[in-house]
Novice: 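Encoded as structure tokens, here's the structure I'll be asking about.
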Amino acid sequence: MAKKPIAQIKEAFDKGRKSKDTKTLVSNFGYLTLLQIAGYLFPLITMPYLARTIGATGFGKIAFASATVMWFNSITTWGFDYTATRDAARNREDLDKVSEIFSNIIWARAFLSLVSLALLGILIAFIPKFNENAAVLLVTFLIVPGHVLFPEWLFQAMERMKYITILSLLSKFFFTIAVFVFIHKPSDYILQPLFISFGFLLSGIIAFYFIIGRWKIRLMKPSFHRIFQTIKNGADVFINNFMPNLYNSFSIVLLGAFHGDVANGILSAGQKCISICNQFMGVLSRTFFPYLSRHSDKHHVYAMLSILLAATFSFIIFLFSPLIINILFTKEFDAAIGLSRLMALSLLFLSISNVYGTNFLILRGYERQLRNITFVLSIIGLLMGIPFVYFFSYWGAAITITSTRGLIAITTMLYAKSIERKN
């Protein structure tokens with residue numbers, strides 16, 4: 001008789017609990033879990049205040065700017081969070097090699113951030129909706145250089161999550177205080193992304209001190225040849241990461257264009273709990289990624305743990321959405337309850353994509369195949385989203401996002417399973 005998933009997970013950790021790798025894995029998971037708890041706590045403190053102070057219109061403008069900037073952040077991140085983490089994790093004992101990887105990624109991301117800023121400037125200059133929201137878009141864009149300066153992928157590759165946790169906790173703490181001190185009326189909504197951006201920039205400066213000053217990792221001179229080669233090497237993973245924006249973030253942009261800021265605010269409220277739980281699932285993925293790059297035989301443990309956790313989160317959100325929305329938001333956001341219940345299913349789909357895409361296909365060198373799956377299905381999601389959002393407003397956006405995530409997850413899992421059977 002086969003053992004139950006929980007028993008298999010417990011047995012796997014019992015066998016390896018004395019090993020250095022397992023202790024590091026558990027420690028890193030603990031630090032990142034603490035970070036995610038703080039990530040839940042601080043928004044829970046500020047969200048009700050912001051909802052009452054800036055209203056659905058302010059929420060909608062922030063959601064529009066965040067969805068737009070997410071596209072540019074995806075360009076700047078490229079595929080480096082996975083390819084660089086994988087490569088640095090496998091060479092982390094070689095300081096010269098790590099310095100080379102670090103330098104190539106930093107300069108490549110700096111170049112891509114300049115390209116992104118130029119593209120945003122063009123959108124603001126020629127599209128009325130972007131011109132109308134120019135100030136909040138430019139302020140929100142400051143997150144992009146903040147991400148460049150804060151090479152989270154390197155901390156992950158070196159499995160030193162403690163530093164990520166401390167820096168992020170400090171920035172979240174000061175951001176929370178700033179919200180109550182400086183945001184007092186609807187027009188103050190622009191300060192919310194400004195505080196977040198400053199937090200990233202400050203964390204990035206401190207991170208550079210640890211990397212260069214304490215760890216003695218060198219930042220080499222930029223080389224255009226290396227920059228373009230680095231970008232080329234990460235292209236497949238970039239396309240895989242960027243394409244979901246066609247149905248995800250683009251649905252939010254379409255919603256704002258077709259139905260206004262209030263509709264965006266309601267969708268944003270419906271996605272809040274989903275986003276928070278997905279961030280926690282991301283902790284598991286990020287913790288296991290460098291570990292699985294060196295121990296691919298442990299993939300089944302991560303798979304069982306991730307999918308079981310996602311199913312639990314989905315059930316809790318479906319059950320308690322009315323209570324959660326009523327506590328966090330005003331009556332203006334009641335429509336978000338149904339959206340939250342519908343999109344709870346997407347947590348399971350996102351977990352499956354992490355398990356069989358990020359932590360299987362990418363680690364085993366199948367980036368191109370994963371790119372093709374994501375590319376085709378994201379185009380389908382985009383084509384489906386245009387009429388759905390136009391005719392059904394935020395319900396159309398929620399259906400588009402959830403169903404497309406499901407298609408990508410199932411297709412990725414089936415392809416990964418076929419590779420397992422061959423091996």
Side-chain angles (χ1 to χ4, degrees), residues 62-86 105-124 130 136-153 156 193 196-197 200 204 227-228 230-256 268 271 274-275 278-279 281-282 285-286 289 346 350 353-354 357-358 361-362 367-368 370-379 381-382 385 397 400-401 404-405 408 412:
I62 291 171
F64 176 78
S66 297
T68 303
V69 171
M70 188 180 296
W71 285 46
F72 295 115
N73 196 50
S74 295
I75 293 174
T76 305
T77 302
W78 206 245
F80 303 142
D81 280 354
Y82 299 104
T83 56
T85 301
R86 178 192 62 196
I105 300 302
I106 289 295
W107 293 122
R109 291 185 69 176
F111 172 77
L112 291 170
S113 68
L114 292 176
V115 173
S116 298
L117 181 59
L119 291 174
L120 178 60
I122 293 171
L123 291 174
I124 290 173
F130 287 84
V136 68
L137 283 165
L138 291 171
V139 166
T140 306
F141 186 84
L142 290 173
I143 292 172
V144 174
H147 275 289
V148 173
L149 287 174
F150 188 56
E152 187 173 321
W153 61 269
Q156 184 182 350
I196 293 176
S197 299
F200 273 106
I227 287 173
F228 292 124
T230 301
I231 292 172
K232 181 182 176 181
N233 291 342
D236 288 331
V237 178
F238 161 71
I239 294 171
N240 178 69
N241 292 341
F242 184 78
M243 289 306 293
N245 287 319
L246 290 182
Y247 68 86
N248 193 350
S249 298
F250 192 61
S251 294
I252 299 172
V253 174
L254 283 175
L255 184 61
S268 178
Q271 290 191 99
I274 311 300
S275 299
N278 187 47
Q279 288 171 13
M281 299 305 304
S285 178
R286 289 160 59 196
F289 188 84
S346 69
L350 289 168
S353 293
N354 278 336
T358 303
L361 294 179
I362 290 178
E367 296 100 325
R368 184 165 298 178
L370 180 61
R371 176 205 67 188
N372 293 340
I373 291 170
T374 307
F375 183 89
V376 171
L377 294 178
S378 294
I379 294 294
L382 168 66
T400 298
I401 293 169
T404 309
R405 285 173 177 173
I408 292 174
T412 301

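Note that these values count all heavy atoms, side chains included, but never hydrogens, waters or copies made by symmetry. Here, residue 1 is the first one in the sequence, and each next residue gets the next number.
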Novice: Looking at side-chain heavy atoms only, is the closest gap between Ser116 and Phe141 below 4.5 Å?
Specialist: yes
Novice: Please tell me if the side chains of Ile362 and Arg86 come closer than 4.5 Å, counting only heavy atoms from C-beta onward.
Specialist: yes
Novice: Distance check, rounded to the nearest 0.5 Å: Leu361 atom CG versus Ile373 atom CD1?
Specialist: 6.5 Å
Novice: How many angstroms lie between atom CD1 of Ile231 and atom CZ of Phe238, to the nearest 0.5 angstrom?
Specialist: 10.0 Å
Novice: Any chance you could measure Ile105, atom CD1, to Ile227, atom CD1, to the nearest 0.5 Å?
Specialist: 11.0 Å
Novice: Could you measure the distance from the CD1 atom of Ile239 to the CD atom of Glu367? Nearest 0.5 Å is fine.
Specialist: 11.5 Å
Novice: Could I get the full list of ring pair (Phe, Tyr, Trp, His ring centres under 6.0 Å) partners for Trp71, not counting sequence neighbours?
Specialist: Phe242, Phe250
Novice: Can you list the residues that meet the ring pair (Phe, Tyr, Trp, His ring centres under 6.0 Å) rule with Phe289, with sequence neighbours excluded?
Specialist: Tyr82
Novice: Can you run down the salt bridge (charged side-chain N to carboxylate O under 4.0 Å, His left out) pairs that involve residues 236-255, sequence neighbours left out, and say none if there aren't any?
Specialist: Asp236-Arg368, Asp236-Arg371
Novice: Test of understanding: with side chain to side chain contact (heavy atoms under 4.5 Å, CB included), list the residues that count as partners of Val136, not counting sequence neighbours.
Specialist: Ala65, Asn133, Thr140, Tyr189, Ile190, Pro193
Novice: Over all heavy atoms of both residues, which pair between Gly385 and Thr400 is shortest? Give the atoms and the distance, please.
Specialist: CA-OG1, 3.4 Å
Novice: Could you list the residues that satisfy side chain to side chain contact (heavy atoms under 4.5 Å, CB included) with Ser346, not counting sequence neighbours?
Specialist: Ile274, Met343, Thr402, Arg405
Novice: CE/Met281 to CG/Asn354 distance, rounded to the nearest 0.5 angstrom?
Specialist: 7.0 Å
Novice: Which pair of non-hydrogen atoms, one from Trp78 and one from Ala235, has the smallest distance, and what is that distance?
Specialist: NE1-N, 3.4 Å
Novice: Residues two or more places apart in sequence or in another chain: which of them pass side-chain hydrogen bond (donor to acceptor under 3.5 Å, both in side chains) with Asn233?
Specialist: Gln229
Novice: Start with the C-alpha distance between Leu120 and Leu138, add both sets of side-chain angles, then the distance that settles side chain to side chain contact (heavy atoms under 4.5 Å, CB included), and finish with yes or no.
Specialist: CA-CA 8 Å; Leu120 178 60; Leu138 291 171; 4.0 Å; yes
Novice: Once ring pair (Phe, Tyr, Trp, His ring centres under 6.0 Å) is applied, do any residues pair with Phe228, and if so which ones, sequence neighbours excluded?
Specialist: Phe111
Novice: How close do Leu382 and Tyr247 get, heavy atom to heavy atom, and via which atoms?
Specialist: N-CB, 4.0 Å
Novice: Between Ser285 and Gly282, is there a donor-acceptor pair closer than 3.5 Å when you use the side chain of the first and the backbone of the second?
Specialist: no
Novice: Could you walk me through whether Ile408 and Ser378 pass the side chain to side chain contact (heavy atoms under 4.5 Å, CB included) test, one step at a time?
Specialist: CA-CA 8 Å; Ile408 292 174; Ser378 294; 4.0 Å; yes
Novice: Can you list the residues that meet the ring pair (Phe, Tyr, Trp, His ring centres under 6.0 Å) rule with Phe200, with sequence neighbours excluded?
Specialist: His147
Novice: Would you confirm whether Thr76, through its side chain, and Phe72, through its main-chain N or O, come within 3.5 Å as a donor-acceptor pair?
Specialist: yes
Novice: List the atom of Ser113, the atom of Val144, and the distance in Å for their closest heavy-atom pair.
Specialist: CB-CG1, 4.0 Å
Novice: Might you point out which heavy atoms bring Gln156 and Arg286 nearest each other, and give the distance in Å?
Specialist: NE2-O, 2.8 Å
Novice: With sequence neighbours excluded, tell me which residues meet side-chain hydrogen bond (donor to acceptor under 3.5 Å, both in side chains) with Ser74.
Specialist: Asn245
Novice: Holding to side-chain hydrogen bond (donor to acceptor under 3.5 Å, both in side chains), I want the full list of residues that pass it with Thr374, two or more places apart in sequence or in another chain.
Specialist: Asn240
Novice: Taking only residues two or more places apart in sequence, or in another chain, which ones meet Ile379 in a side chain to side chain contact (heavy atoms under 4.5 Å, CB included)?
Specialist: Met243, Leu246, Phe375, Leu383
Novice: Side chain to side chain contact (heavy atoms under 4.5 Å, CB included) between Ile252 and Met70: does it pass, once the steps are laid out?
Specialist: CA-CA 11 Å; Ile252 299 172; Met70 188 180 296; over 6 Å; no
Novice: Ignoring hydrogens, what is the shortest heavy-atom contact between Ile75 and Leu112? Give both atom names and the distance.
Specialist: O-CD1, 3.4 Å
Novice: By side-chain hydrogen bond (donor to acceptor under 3.5 Å, both in side chains), which residues pair with Arg109, not counting sequence neighbours?
Specialist: none
